[in-house]
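To start, the structure under review is shown below, and the notes come after it.
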2 protein chains.
Amino acid sequence: MAKSRNTSYSIGVDFGTNSVRALVVDTATGAELASAVFNYPSGRDGILLDRRDPNLARQNPADYIQGLFASVAAALRAARKRRGFDPARVVGIGVDTTGSTPLPVDRRGVPLASDPRFRRHLAAQAWLWKDHTAHAEAAEITDAARAAGVPYLAKCGGTYSSEWFWSKILHCCRAAPDVFSAAYSWLECCDFVPAYLTGSTDPLTCPRSVCAAGHKAMYNAAWRGLPSKDFLARLSPDLADLRDRLYRKAVPSDRPAGRLSPDAAKKLGLPAGIAVAVGGFDAHFGAVGSGIRPGTLVKILGTSTCDMMVWPLDRPLADVPGVCGIVPGSIVPGMYGLEAGQSAVGDIFNWFVSHLAPPEFARGDRHAGLARAAARLHPGESGLLALDWNNGNRTILVDPLLTGLLLGQTLHTTAPEIYRALIEATAFGALTIINRFEEHDVQVREIVNCGGIAEKSPLLMQIYADALNRPMKVSRSAQSCALGAALFGAVAGGAWPTTEEAQARMTAVRDKVYRPNPAAAKVYDELYTLYRALHDAFGTALYNGKLNRVMKDLLAIRDRVRKGAAH
Amino acid sequence: MAKSRNTSYSIGVDFGTNSVRALVVDTATGAELASAVFNYPSGRDGILLDRRDPNLARQNPADYIQGLFASVAAALRAARKRRGFDPARVVGIGVDTTGSTPLPVDRRGVPLASDPRFRRHLAAQAWLWKDHTAHAEAAEITDAARAAGVPYLAKCGGTYSSEWFWSKILHCCRAAPDVFSAAYSWLECCDFVPAYLTGSTDPLTCPRSVCAAGHKAMYNAAWRGLPSKDFLARLSPDLADLRDRLYRKAVPSDRPAGRLSPDAAKKLGLPAGIAVAVGGFDAHFGAVGSGIRPGTLVKILGTSTCDMMVWPLDRPLADVPGVCGIVPGSIVPGMYGLEAGQSAVGDIFNWFVSHLAPPEFARGDRHAGLARAAARLHPGESGLLALDWNNGNRTILVDPLLTGLLLGQTLHTTAPEIYRALIEATAFGALTIINRFEEHDVQVREIVNCGGIAEKSPLLMQIYADALNRPMKVSRSAQSCALGAALFGAVAGGAWPTTEEAQARMTAVRDKVYRPNPAAAKVYDELYTLYRALHDAFGTALYNGKLNRVMKDLLAIRDRVRKGAAH
C-alpha cells in the first residue's frame, strides 16, 4: 500500500543504562519502521565503576552525544530501505533517558566532563540513576524535611532516595567540592539531550522536564517549584545558591523543548526546525508507549523495574507512602503520574548467572538453561524463599541499605531452584507494590508489561501471573520506551493533538496473555505470607529494630573493612 | 630399630558415612603402620536415597560386612610390607561406626535386609545417622517425655532428635509395619559389627555400647537402663514390647565384647580369640584418638561435626540444654562423655561446590580454587552472613526442621565470598556450642581438631581460630577415629590397663597451632552478634514464633507439593 501524502514519521531516542536506541515510527499507526542500538563505549558496559566503592555508578556524557548521532543515523539508514520512507516527513523527535541521572555543566550548559581538568574526575561525569554513593545525604534530606515540617516528601513516598537529584548533588558538594564549585548548574540527562539537539543549552533557560523535576527534585507547583532556598540552606548554603541557577518551571513532554538546530539537523540528515519534545524518563515514556491509562499498571521489566500508573487530576488521590512519586503530567500530560519500582530485577538474575551458574548451565545463554530447568519445578517444591533486595529496595521501603536474602537451602538445593526462587522474590516484590497502591484506593484493573524481560522470559511472566494472581498482558512494542519517545515526538510535532489520542492509535497489547493457574496461585499466596514476614522483619522496625539493623550493620562493617584494607 | 619381643599391634575399624577405614597401630606408641579404605558400593556414595523424600538416608548392611573384610585385609597386606610386623602380634580390634544407625535384625541377629523378602525394602536397611524421616516421632517423644515428667531428656539436651534410635524405630513401626513386625530386635551398627566379629549375634545377649545406648536411646543407670515400658507404651504398645527384646545393660569400649571367632579370624588372617572391644561411635572414638581429657574440646570436623568433652564423674555437672548427650563412660570410661555437634559442616561446602561453583572454579579440586580466592578476603569485607543450617541444627537448637540462610548479597557478590561466608557460619555455629558449654560451667581450655577438614583446610582452621578467638590445635593422627578404635582394641586386648594410659602414649597434637589474629577476631566478634540475632530469630520463639515458623512452613509446603506432584 502506497503511503498517503499525509504520512508522517517521528523518531524516539531511548537512552538506557548500557546503550541508546533510536526508533523510527509511523505516527499514524505506531508501526515501527527501523531501529538501531549503540552500546556506550566507556567503562564496563557503559558504566564507570570504582573498585573501592560498590555504590558508585557514573557515565561519560560524551557517550550520550556519540550514541545519539550513531543510533539515529543507523536507524534512518535502515528506514530508508523501507518503501515510501522519506526523512523529510519526520515531524518530531522525542528523547527519554534513565534518571535521576544528573550531570554538572558549565555556564553554557557544556558537561564539565568535557573540560580537560575534569575529564577523569568521576564526580564530573553523569551520576547514573543506580549510583548509591549519596545514601547518607538522602537520609539527611529526609530527616531535614521531616524536621522542617515541609511537604516536599509527601509526593515521593515520604523518603528521599540516594538515587535522586539533590542527594547526588549534595554528596558531590561534600565529596568533590572542586567539581561542585566548577559546576555552574546541573542538568538531568533527559534535559541535556533535547537542549543539545535544539542548540539551546543555557542552563537558565533550557526547558526542564516535569517528569524529572517532579519525581526526583521535589519540584511541585503546589509549593511553587523546587524546595525553598531556606530549606536547601539547612542542608548546605551552596545548595541554596545553586537553586538560583536551576529552574523555576518544568514542563510535560507533549510540548516541544525547541526546534532541531541546523547543525544537529545536518548531522542527522533530518529537516532543521522540526520539533524536539521535552525529555522524560524511560519508564514514564515506556508506560505511554504501552498504552497506560487510569486503572492500568504498566511494568517496565528490565535490569530494574518501574511500575507506573496514572490518575485523573480531578479525582481524589491520597499520598501513597513508599511510592516514589506522584507528579501531575509526569507520564500522561493532564493526569497524575505515579511511579513505583524495584531496584533490581533482571540485574539479580544476571548476577546469579554470572557468579553462581555451575558449569552445566554456563554454556551459551546461561539464562535459557536455568530457565528451562526452573520451569519444570512446581511452586513451593524447592522450599526456598528469597528477598529481592540485592540492590536495595526502592518501593515500598525506599531503603538502599538493604541486601539480598536467600532462605531454605538444604544439602540438595540446586541452581535452577535458586534461580526460580529469585524470580519468585521479584514477583513478591511486585505484588507488594500493587498491594500498597490498592491499600490507598488506587485500584489496579489491568497489568501491561514491557521491556526486555517481558519479551524474553515466558517463565517469569507465568510466575508473575501466578504469584500476583492476575493476567499479565504484554505491550505490542518490543521497544515501548523508544515508542513512547517517538509518540511524544509526534505530539510535539503536531501529528496528534493529545497524548491520549496518539496512544489510542500508536500503542496496543498483544493477543498472548499469561493467565494465572489457580493451584499455583494458591501456593504463592502461602509463600507470600512468609515473604512478608521476612520483608517486614528485615525492612521495617517491626521487631524493635533488632532485625532491620542486620543488613545495615553488615554494610557498615563491610565499608569500614574495605576502607581499612585500601590503606 | 628392631621391634622388641613385646611389640604388639591393634586394629581400628572406622565405619564412616561413605566408606570404612581399617588402621593397623603399634600399641606402644600409636604409630600407624598401614591403613586401607573401602567405599560402600550401594546407592549414591554408599547411601540409599529416596527421590521423593530428601529426609531419607539408609545403608545396606551387607556393605558393612564386605567393607570390614576388604579394608582389614588390605590394611594387613600393607602392614606386612613394614619390617617387623607380624599379624600374630595383633592383640585386639576396636570398631567405631556412625550413629545412631540402627538396623532391624531377626532372632539370630541377622540383618532383615538379608532376607529376600525385605532386600529392597528401604525400612529394612540400616537407618543412617542423618536420616531425618522421623522428625514427627522425635517431636512426639519429646512431648511425651515432658508430659510424663520423666527425666529421660535431661541427659540429651532436653529435646529428642529425629536422628536417634527410638524416633527411627517408632517411625518404622508406623511407616513400615511389615518390617517392624518382622524384626525381632534392633542393633546399632556399632553393636552389630563386634557381634558379627565375635560370632555372638544373639540380640538378647550381645554386648551393647553405652556410647550408643546413653547418647541415642535414653539409656541411663540412674533410671536403670532404657526408658520404662510404661513410657514406651504411651508412644506405642509395640515399642513397649520391643523393650524386652533389646538390652538391660550397656558397657563401655575398654571392655571386650568378646573374642574374635575362628571363622572371622580365618577370613581376616588374624589370631582367633583376640579381643574385640565393645563398639562405639566414630566421634567418641575420634575424641579418644585426639587425646581428649577434662578441659579439652575435641572437634571432629567432617561432613558434619561432633564437639566432644569429658568431665570427671566426681565433679558436679549441670545438664546442658541443647547438648546432645551427657553419658558416663561414653568417651573415656570413668568420665562423663559430653557430645554436641553441627548437623552439617563439610557437607555445606560440598553442596556449594557441587551446585553453585561457577566454571572458573569448577576445574580440578573445586574447594582449592574457591579457598584460595576466599583466603584473600578480609573478615567482614563481603557484607555476607549465613546460617549453617542446611541440614538442620543439632546443637544447641536440636531442630532438624531448620534450613540454610544467606544474607547480604548485592549485585557484586562473588562465589568465593559466599564460600567464605559459609565457612564463617560454621565457625559461628561452633562458637555457639562452646558458649553453651561455658554458660553451664564446662570450661573449654583447649580445642583439638581432627578429621578430614582439619587436615585439608588451613583457611577454615584460621577462620575458626579468629572467629572463636582461641588457638586451634590439630590431632597428630590424620585418622583419629580409627586410632581411637585401635586404642580401645589395645586396651580390651590388655596392652594397656586404662584408656588414659593408652591415650598418654598413643595420641598427641601437632606442633602447628592456628592462633587468632586480634584484628580479625574483633570483626568476627561484631559479626557473631549479628549471627546470634539471626540464630535466635529463626531458631527460637523469640519473636512470638513469627520468624521461626518460616523455615518450617516452607518445608511443610515443599513436602506437600512434592507429594502432590508425585501422584
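Letters go in sequence order (proteins before strands), and every chain restarts at 1.
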Report task. Measure the shortest side-chain to side-chain distance between A:Gln409 and B:Trp351 over non-hydrogen atoms and say whether it is less than 4.5 angstrom. Result -> yes

Query raised in the report: Can you tell which of B:Pro359, B:Ala344, B:Ala556, B:Gly380 has the highest number of heavy-atom pairs within less than 4.5 Å of chain A?
Result: B:Gly380

Requested in this report: Give the member of A:Ile557, A:Leu384, A:Thr410 that has the highest number of heavy-atom pairs under 4.5 Å with chain B.
Outcome: A:Thr410

Query raised in the report: A:Arg562 side chain to B:Glu381 main-chain N or O, any donor-acceptor pair under 3.5 Å?
Result: yes

Report task. Would you check, one step at a time, whether the test side chain to side chain contact (heavy atoms under 4.5 Å, CB included) holds for B:Leu407 with A:Leu406? Result -> CA-CA 6 Å; B:Leu407 179 152; A:Leu406 178 69; over 6 Å; no

Query raised in the report: If you count heavy-atom pairs under 4.5 Å between each of A:Thr413, A:Thr414, A:Asp553 and chain B, which one has the most?
Result: A:Thr413

Query - Where A:Ala533 and B:Val550 come nearest, the two heavy atoms and their spacing - result: CB-CG2, 4.3 Å

Query raised in the report: Given A:Leu547 and B:Phe538, is the side chain to side chain contact (heavy atoms under 4.5 Å, CB included) satisfied, shown in steps?
Result: CA-CA 11 Å; A:Leu547 288 173; B:Phe538 289 97; 5.6 Å; no

Report summary line: Looking only at A:Glu526, A:Arg549, A:Glu360, most heavy-atom pairs under 4.5 Å shared with chain B are made by A:Glu526

**Report entry** Residue, of B:Leu405, B:Thr403, B:Leu411, that accumulates the most heavy atom pairs under 4.5 Å with chain A
**Finding:** B:Leu411

Query - A:Phe361 versus chain B, the contacting section by heavy-atom distance below 4.5 Å - result: neither

Requested in this report: Could you grab the distance from atom CG of B:Leu534 to atom NZ of A:Lys546, nearest 0.5 Å is fine?
Outcome: 13.5 Å

Query - Partner chain B: residue of A:Gly392, A:Ala415, A:Ala362 with the largest heavy-atom pair count (under 4.5 Å) - result: A:Ala415

Query raised in the report: Do B:Val523 and A:Arg560 have side chains that get closer than 4.5 Å, going by heavy atoms?
Result: yes

Report task. Indicate the atoms forming the closest heavy-atom contact of B:Pro358 with A:His355, along with that distance. Result -> CG-O, 3.2 Å

Requested in this report: Not counting sequence neighbours, which residues clear salt bridge (charged side-chain N to carboxylate O under 4.0 Å, His left out) with B:Arg372? List them please.
Outcome: none

Query raised in the report: What residue, out of B:Leu387, B:Ile348, B:Leu356, B:Asn350, has the most heavy-atom pairs lying under 4.5 Å from chain A?
Result: B:Leu356

Report task. Please determine, among A:Asp347, A:Val353, A:Asn544, the option with the most heavy-atom pairs under 4.5 Å with chain B. Result -> A:Asp347

